[in-house]
Amino acid sequence: MHNHCWVDVKEPSRAEPSRSGYRTAIGLVFYIRKVSSPLSIQPVSTRLTKERHIYKGSEVRLSRIQLNMEGALTARDRVGIQDFVLLDSYTSESAFLDNLRKRFRENLIYTYIGTLLVSVNPYKDLEIYTPKQMEIYMGVNFFELPPHLYALADNAYRTMLTEYNNHFILISGESGAGKTEASKKILQYYAVTCPCTEQLQTVRDRLLLSNPVLEAFGNAKTLRNDNSSRFGKYMDIQFDFKGAAVGGHILSYLLEKSRVVHQNHGERNFHIFYQLVEGGEEELLRWLGLERNCQHYSYLVQGECAKVSSINDKSNWRTVRKALSVIDFNENDIEHLFGIIASVLHLGNIQYDADNKGSAVIGNNAEVRWISKLLGVSVLVLQEALTHRKIETRAEEVLSPLNVDQAYYARDALAKAIYGRTFTWLVNKINESLANQDPSRKTVIGLLDIYGFEVFYINSFEQFCINYCNEKLQQLFIQLTLKSEQEEYELEGIEWEPVQYFNNKIICDLVEEKYRGIISVLDEECLRLGGATDLTFLEKLEETVGNHPHFVTHKLANQKTRKTLERGDFRLLHYAGEVTYCVIGFLDKNNDLLYRNIKEVMCKSRNLIVKQCFMPSELDSRKRPETVATQFKSSLVGLIKILTAKEPSYVRCLKPNDGKQAGRFDDVLVRHQVKYLGLMEHLRVRRAGFAYRRRYEIFLQRYKSLCPDTWPHWRGPPAEGVERLVKYIGYKPDEYKQGRTKIFIRYPRTLFATEDAFQI
Ligand code: ATP
Ligand code: MG
């Protein structure tokens, strides 16, 4: 065996190892076919020759790189295969897992299935996100370098620029699998690698800094993830025709605002509260009436873990504070914003006593006074709103005192409402600062990072919404990959052996179907006057969807299952596994009522943010607001519409263990995710299918210059032109198929070679 070989490359200083050889910075690839992995290939010397060559009419300077091929042949055993499509036993789940494990052990967390990227959370910092790495992936064809998020991001970006179309990157996986980290890394990649003028630097900084702000207000520590996204986020990055990032827009989805007033054991409230208390400047805290002690605030200590070793609230505070000024928040905004955060903490500390009639009275009104100062409302009116309810009769309005439980309920409802609405305000404000001023044509890449599928010991309305959202995204994935891919082969008349897969549409329907779905039943109970409770909702569910194969309750279960279900529970068999939901609180959370007099007080607030969040128009009691679940359902329908109008790329994130530990690969856990994410089915479709397809007209338009018959014009049917063209450039029969309207290309390398030939 030779230990060294020589390859000729252009631009030697920027030559980088690729999957099967060395590639140059400007696109020429020289394959070393005998080598199976690039990782063991190291250049031992480079030497620039003075030779000049003419290649396809252009002058090319060549140099030689000496490669050390030692160990190359054993590399595959050690580091696995970087594209599952190349796996010998591609139908075996064990082989799939072996490959993933092997790579994980070598800190190779990314693997492809064709163009889909599988990522395993390493739970430790790897040196793979450096500017040097970004440079390596810039402008390089997808399969020429080891798998990376950057390759996927770069591919979407370049396709957007050449084809002038919009893209989105769907990042999915369960809670803690690494979606948010992946979306941040993609954004950083664009920020560093896209062209940027001095003028556009602010846009770039704002795009980047919107993340720490939104995470501070929308993320929290849960049992699954110390930085769990508690809202869904879809972010469009807008590019001009030169590929510079010129603006952005964020859509947020259903914030889990119940967390403001309640956290389970081992969980925290939203990060911003702890950041403010731990990191806020002395003067600021004094102005807000806060103490530097999280233990002092009842909304911060229910989970008994205000301090978390992996989180540095103090330094995160400084980051957020700086970010806010870059995103164009003036001192007034910031004052009002933290006035609200502090008010929520003060609200949580209000204690009620019962008077001799059982009505709630506020023991010590120090908190009320602070809130009144910070929100700019009258102490007396606020105090009244926190202890009374205004009831409208036909003739008059009557103030009815609340009992202690009702008063706590009203207090918590107010805390949730101001926090939730402030979050929406924050997103709008960020959007204003990201708005693109230039009206000229632009294309976008959308990044979708939404809360992942989650199962806790007790699951409530929030988990129901989050898991429903994950069902919808899984459905979209199935639609766009497994279903439409196979339908397309059929439509185009390409011979095809169908691959079976589990279609989760049945579960989406169970949740969202009109009149018969769980959300419909829930809304009906919410609208029913008198007598409706969480338990009557459960009974209605049993009547309506009781015989659905993915739904079960204590009453409907067989003996064995019954033991694992309580009477107030229903269980859904989600695509990702079973989840048992406790119905308590469903009606309340879905209604999300705020007493009218509390709204009235907020409408009069002199805090400018609160004022914008509570509009007098909502005091019109004739208009009943949509329920939370229905609003969420409509927003998801809107999201799916946005996504289906764009070209997709997929990142599937896997969680290697449940302990947030580095280096531990739990076979059972990973196997389960591989199964429910449909990765094996995806692999089978990919393996048997075609990596690329192009309409004949488009393919011909782009590459017609490569063949004398089609250049400069081809006057016959495009399909025939393409046939001439591909035969002329030497496509082998197994490399492509011709459908009714499109050419299908089996391997990416075929298209890349054509693209490279075209660019020379
Ligand atoms: P959720 O659905 O709860 O929001 P998520 O999928 O967004 O979960 P992340 O917050 O992205 O999960 O990741 C959880 C943690 O895992 C991160 O805080 C980080 O510590 C670690 N992590 C994730 N991806 C990486 C990575 N590529 N490199 C190093 N650590 C990572
Ligand atoms: Mg997240």
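Along the sequence shown, residues are numbered consecutively beginning with 1. First listed ligand is number 1; within each ligand, the first listed atom is number 1.
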Only heavy atoms of [X], strictly under 4.0 Å: list the atoms of ligand 1 that pass.
X	result
Asn225	1 (P), 3 (O), 4 (O), 5 (P), 8 (O), 9 (P), 10 (O), 12 (O), 14 (C)
Ser229	1 (P), 3 (O), 4 (O)
Gly178	5 (P), 6 (O), 9 (P), 11 (O), 12 (O), 13 (O), 23 (C), 24 (N)
Asn227	10 (O)
Pro122	25 (C), 26 (C), 27 (N), 28 (N), 29 (C)
Gly452	2 (O)
Tyr451	2 (O)
Glu174	6 (O)

Short version for Phe453: what comes under 4.0 Å of ligand 1, heavy atoms counted, is neither
Just heavy atoms, cut-off under 4.0 Å: does Glu454 contact ligand 1 by side chain, backbone, both, or neither? neither
With a 4.0 Å cut-off, would you call [X] and [Y] a salt bridge?
X	Y	value
Glu181	Lys185	yes
Arg686	Asp83	no
Lys102	Asp98	no

Salt bridge (Lys or Arg N to Asp or Glu O under 4.0 Å) test vs Glu462 passes for just one of Lys589, Arg230, Lys257, namely Lys589
Before giving the answer on side chain to side chain contact (heavy atoms under 4.5 Å, CB included), spell out for Arg318 and Gln275 the whole-Å C-alpha distance, their side-chain angles and the decisive distance to 0.1 Å. CA-CA 9 Å; Arg318 287 192 292 273; Gln275 292 174 1; over 6 Å; no
Tell me whether Ser229 has at least one N, O or S atom under 2.8 Å from the Mg ion (ligand 2). yes
With a cut-off of 2.8 Å, does Ser175 place any N/O/S atom under that distance from the Mg ion (ligand 2)? no
Would you confirm whether the ring centroid of [Y] sits within less than 6.0 angstrom of the ring centroid of [X]?
X	Y	answer
Trp425	Tyr419	no
Tyr157	Phe239	yes
Tyr234	Tyr253	no

Exercise check, heavy-atom protein proximity under 4.0 Å to atom 20 (O) of ligand 1: no
Decide whether an N or O pair under 3.5 Å exists between Arg230 and ligand 1. no
Check whether any N or O atom of Asn121, backbone or side chain, sits under 3.5 Å from an N or O atom of ligand 1, and answer yes or no. yes
